[in-house]
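The chains referred to below are lettered A, B, ... by the order of the sequence lines, with proteins before strands, and numbering in each begins at 1.
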Amino acid sequence: MAQPSKSVLKVQSESKPRKVAKVPFVELYNRRLQGVVSSGSDINRVYVSFFEAGTTNYYCSTNNNRPCGGLRGGPCKHLSSLMDEAVLQYGAPKVAKSLGIDADPNTIKRGGDIMRHISGYQAKEEASIVFSRFLSYLRYVEYEDTSEPAPEMSWFISG
Amino acid sequence: MSQVFSTLATLPAGYVELEAMLDALDECFMLGFSRIGQDQINAMQAIKRVFVGTPLEAKVAACVDALCRLEFMEQHFTVLAAARAALQGAQHDALLSQLGQAGLGSATEPERAAQEEPAPPVKAWMESSRHWLMELALAGFMQMDAAVLAPFTATLEQLHEEPKTVRLGMFLTGVLREFMDALPVGELEVVPRRRWVDLWTRGMVAATGLPQPLKTEVASGDFYPLGCDLRHHPNAVSAVIYGVYSPSKGKSRFARMTLNSYKVDVVAGADLWTAIDEVYSPAISALASQKVLKIKDMELRSTGDLIFNGKATVGAAFDMMALAKKHFEPGSKDAIEQPTLDPLDRHPALLAGAIYLDGFKAKSSGGESELEAHGLSLSVDMDRISSSSALLDAASKNAPKWKALFGLLRFDQGAWRLQPLLLDDGGKKLVYTGQDASNSGGKDTIGVLQERAGKLLRQKA
């Protein structure tokens with residue numbers, strides 16, 4: 001942004017289209033990359049997964065707190081999918097920076113590039129934390145629309 | 001071509017001085033009011049002097065003196081916001097007056113209907129919003145962190161649910177999201193200081209009092225859509241369809257229709273329109289297919305805002321550019337009055353002068369375009385055009401080939417700018433935001449999300 005005193009500015013870089021059926025929810029929040037990933041094998045199951053900034057610790061479990069069987073000494077494929085979708089949503093540089101990964105930006109283009117810097121351990125946590133973030137996220141889809149004038153929305157033209 | 005806009009090339013008297021005062025005041029918000037130094041005290045004292053002899057004199061004096069003594073109460077921040085908003089409102093009015101003198105007349109002052117007091121729970125959430133904004137101002141934008149931002153989410157959820165605060169919630173959600181996405185502020189190349197203080201000010205004023213009802217009339221007849229101003233942030237989309245209202249009895253008038261919807265961030269780009277409820281389909285369809293919208297018993301406010309009520313059907317096709325020329329060409333014998341804003345909404349960046357232009361000189365370079373029309377140089381404000389719109393690409397190039405356009409005169413960072421809404425760029429079809437809009441069908445993204453939520457709920461049970 002080269003115009004410090006302009007008031008109407010586009011401030012978000014636009015995200016790329018995502019595979020919402022595969023990863024219904026992904027966010028960078030409170031020093032985490034976290035989200036919800038659909039099971040590849042069972043249409044009735046979803047996984048709740050996260051990476052932690054700094055430590056790059058991670059975890060993946062079903063919503064009933066059953067650990068993901070793919071977590072054998074390293075991140076599972078759900079965590080890889082989460083990373084890929086985070087890169088589509090936020091861009092690779094932002095995801096890497098949010099996780100505290102200090103690497104040459106030229107080497108960080110895709111989810112796989114960031115996964116190489118994940119050196120943390122499994123850090124078990126209750127699934128309900130991320131699950132309730134997902135439900136809050138979904139509420140946005142449910143609110144009723146309005147036809148009220150909103151001139152102040154002219155400040156927002158991105159996202 | 002007339003030179004009727006040449007007077008706009010000179011800024012209104014006092015504008016530049018006021019800008020310098022606002023810049024100096026805004027530094028308080030960057031540092032945090034808990035950390036102000038002598039320069040900031042001087043800046044606030046200068047603001048206090050401006051209000052001498054005005055109705056706000058005593059309140060502003062008390063507020064400034066208290067803040068200079070590092071006495072922090074919520075009311076001081078509300079008054080400060082009101083003062084800053086009043087100064088920018090004055091700038092807006094000076095610019096509007098210039099437009100009037102250039103022939104783009106307007107400003108019948110909108111009349112108010114009876115006042116309303118918010119109910120107790122709403123009052124509490126608005127107070128909570130003001131409290132959060134005060135905490136932000138104390139900390140300063142340069143020191144902003146997740147600890148001061150994240151707690152506001154709980155109040156926001158309440159604002160979303162309550163019909164009377166949907167508008168406030170929609171705005172503050174965008175603000176919170178932008179601030180959170182900007183962390184850590186220390187690593188930003190450029191901090192958009194003016195923008196952030198404008199957002200803060202607007203939020204504080206809106207959290208102090210609900211919009212008061214304006215006098216309205218009932219509108220029935222034809223609404224001719226001429227273009228769409230599409231605004232959005234990750235959690236909301238707000239489409240404003242500008243056009244002409246032709247009543248069953250009476251003369252044609254300016255009108256615009258706003259369609260607002262909360263959304264999730266993943267609904268973006270071409271999908272933005274799918275966030276809007278199907279009840280609004282006739283309006284979107286009329287815009288996309290260049291047809292008239294037949295309306296019945298819609299509330300029309302004295303600002304020119306039509307409130308969509310679902311009683312609308314799509315009518316016959318019409319020539320959008322010809323109608324725009326008829327009513328919005330400077331000097332037209334069928335010129336219609338310009339839109340106005342509620343006085344509480346007045347800010348230079350929210351000013352919108354509807355205008356049709358042809359016969360202009362134009363050039364494009366490096367993805368930016370500039371026009372010369374009626375004695376004024378106008379750059380196209382690319383920040384106003386959604387990246388989901390075909391207009392963004394069309395307006396960035398080949399300007400010498402453009403034949404005509406309908407758009408909005410805007411003002412930002414000390415200069416008049418143009419936001420095209422409808423463009424004849426010399427190609428086969430007119431280019432405009434909403435040319436391919438559709439909100440029916442294609443709800444896959446939202447359907448998937450709701451289905452996944454359902455599965456999680458069933459598992460828990």
- Starting at CG of Leu149(B), measure out to CG of Asn30(A) and round the result to the nearest 0.5 Å. 11.0 Å
- Message: Between Thr173(B) and chain A, with a heavy-atom cut-off of 4.5 Å, which part of the residue counts as in contact: side chain, backbone, both or neither?
- Response: side chain
- Message: Can you tell whether the side chains of Glu148(A) and Arg301(B) come within less than 4.0 Å, N to carboxylate O?
- Response: yes
- Looking only at non-hydrogen atoms, find the nearest pair between Met170(B) and Ala150(A) and report the distance. CE-CB, 3.9 Å
- Task: Provide the closest heavy-atom pair for Phe156(A) versus Val175(B) in the form atom of the first, atom of the second, distance.
- Result: CZ-N, 3.6 Å
- Query: Where do Asp345(B) and Pro151(A) come nearest, in terms of heavy atoms and distance?
  - Reply: OD2-CG, 3.6 Å
- Item | Leu214(B) versus chain A, the contacting section by heavy-atom distance below 4.5 Å | neither
- Within a reach of under 6.0 Å around NZ of Lys94(A), are more than 12 heavy atoms found that belong to other residues, nucleotides or ligands? yes
- Message: Please report the interatomic distance NE2(His233(B)) to CD1(Ile157(A)), rounded to the nearest 0.5 Å.
- Response: 11.0 Å
- With a 4.5 angstrom heavy-atom cut-off, which part of Ser98(A) approaches chain B: side chain, backbone, both or neither? neither
- Of the backbone (N, CA, C, O) and the side chain (C-beta and beyond), which part of Leu306(B) lies under 4.5 Å from a heavy atom of chain A, both, or neither? backbone
- Query: For chain A, which of Val264(B), Asp198(B), Asp381(B), Asp342(B) has the most heavy-atom pairs under 4.5 Å?
  - Reply: Val264(B)
- Query: Judged by atom type as modelled, is there a donor-acceptor pair below 3.5 Å linking the side chain of Arg194(B) to the main-chain atoms of Ser5(A)?
  - Reply: no
- Query: With respect to chain A, which residue among Thr303(B), Val166(B), Asn235(B) yields the maximal number of heavy-atom pairs within a distance under 4.5 Å?
  - Reply: Asn235(B)
- Could you give the distance from OG (Ser154(A)) to CD (Gln419(B)), rounded to the nearest 0.5 Å? 7.0 Å
- Val266(B) versus chain A, heavy atoms under 4.5 Å apart: side chain, backbone, both or neither? both
- Message: If we define contacts as heavy-atom pairs under 4.5 Å, which of Lys97(A), Arg31(A), Glu27(A) has the most with chain B?
- Response: Lys97(A)
- Applying side-chain contact (heavy atoms from CB on, under 4.5 Å), run through Val8(A) and Gln413(B) and close with a yes or a no. CA-CA 9 Å; Val8(A) 175; Gln413(B) 199 179 19; over 6 Å; no
- Query: Looking at Leu183(B), Asp181(B), Leu259(B), which makes the most heavy-atom pairs under 4.5 Å with chain A?
  - Reply: Asp181(B)
- Query: Are there more than 12 heavy atoms of other residues, nucleotides or ligands under 6.0 Å from atom CZ of Arg110(A)?
  - Reply: no
- Identify the two heavy atoms, one from Arg139(A) and one from Glu161(B), that lie closest to each other, and give their separation to 0.1 Å. CD-OE2, 4.0 Å
- Which heavy-atom pair separates Trp155(A) from Phe171(B) by the least distance, and what is that distance? CE3-CE1, 4.1 Å
- Query: Quick one: of Arg384(B), Glu178(B), Glu157(B), who has the most non-hydrogen atom pairs under 4.5 Å with chain A?
  - Reply: Arg384(B)
- Distance in Å, Leu449(B) CG paired with Glu142(A) CD, rounded so as to fall on 0.5 Å steps: 10.5 Å
- Item | side-chain contact (heavy atoms from CB on, under 4.5 Å) between Tyr262(B) and Val141(A), worked out | CA-CA 7 Å; Tyr262(B) 279 106; Val141(A) 172; over 6 Å; no
- Message: Please classify the contact between Met382(B) and chain A as side chain, backbone, both or neither, with a heavy-atom cut-off of under 4.5 Å.
- Response: backbone
- Ranked by heavy-atom pairs below 4.5 Å to chain A, first place among Thr258(B), Ile307(B), Val197(B) goes to Thr258(B)
- Item | Residue part contacting chain A, namely of Asn309(B), when any heavy atom lies under 4.5 Å | neither
- Query: Taking Ala206(B), Ala270(B), Ala283(B), Gly174(B) one by one, which has the highest count of heavy-atom pairs under 4.5 Å against chain A?
  - Reply: Gly174(B)
- Message: For a side chain to side chain donor-acceptor pair (under 3.5 Å) check, start with the C-alpha distance between Tyr140(A) and Asp265(B), then their side-chain angles and the critical distance, and finish with the verdict.
- Response: CA-CA 10 Å; Tyr140(A) 283 109; Asp265(B) 54 9; over 6 Å; no
- Message: Let's test your reading of the structure: which of Phe25(A), Tyr143(A), Tyr29(A) forms the most heavy-atom pairs below 4.5 Å with chain B?
- Response: Tyr143(A)
- Under the side chain to side chain contact (heavy atoms under 4.5 Å, CB included) test, residues paired with Ser39(A) that sit two or more places apart: Ser41(A), Asp42(A), Arg45(A), Tyr47(A)
- Item | Asp145(A) CG to Lys263(B) NZ distance, which is reported to the nearest 0.5 Å | 12.5 Å
- Ion pair present between Lys10(A) and Asp383(B), side-chain N to carboxylate O less than 4.0 angstrom? no
- Item | Donor-acceptor pair, side chain of Ser147(A) and main chain of Phe308(B), under 3.5 angstrom | yes
- Item | Region of Leu22(B) in contact with chain A, defined by heavy-atom distances below 4.5 Å | neither
- Roughly how far apart are Glu152(A) CD and Leu172(B) CG, rounded to 0.5 Å? 9.5 Å
- Side chain, backbone, both or neither: which part of Thr153(B) has an atom under 4.5 Å from a heavy atom of chain A? side chain
- Looking at Ser158(A), Ala21(A), Pro17(A), which makes the most heavy-atom pairs under 4.5 Å with chain B? Ser158(A)
- Query: Among residues 69-92 of chain A, which residues come closer than 4.5 Å to chain B, judged by heavy atom distances?
  - Reply: Gln89(A), Tyr90(A)
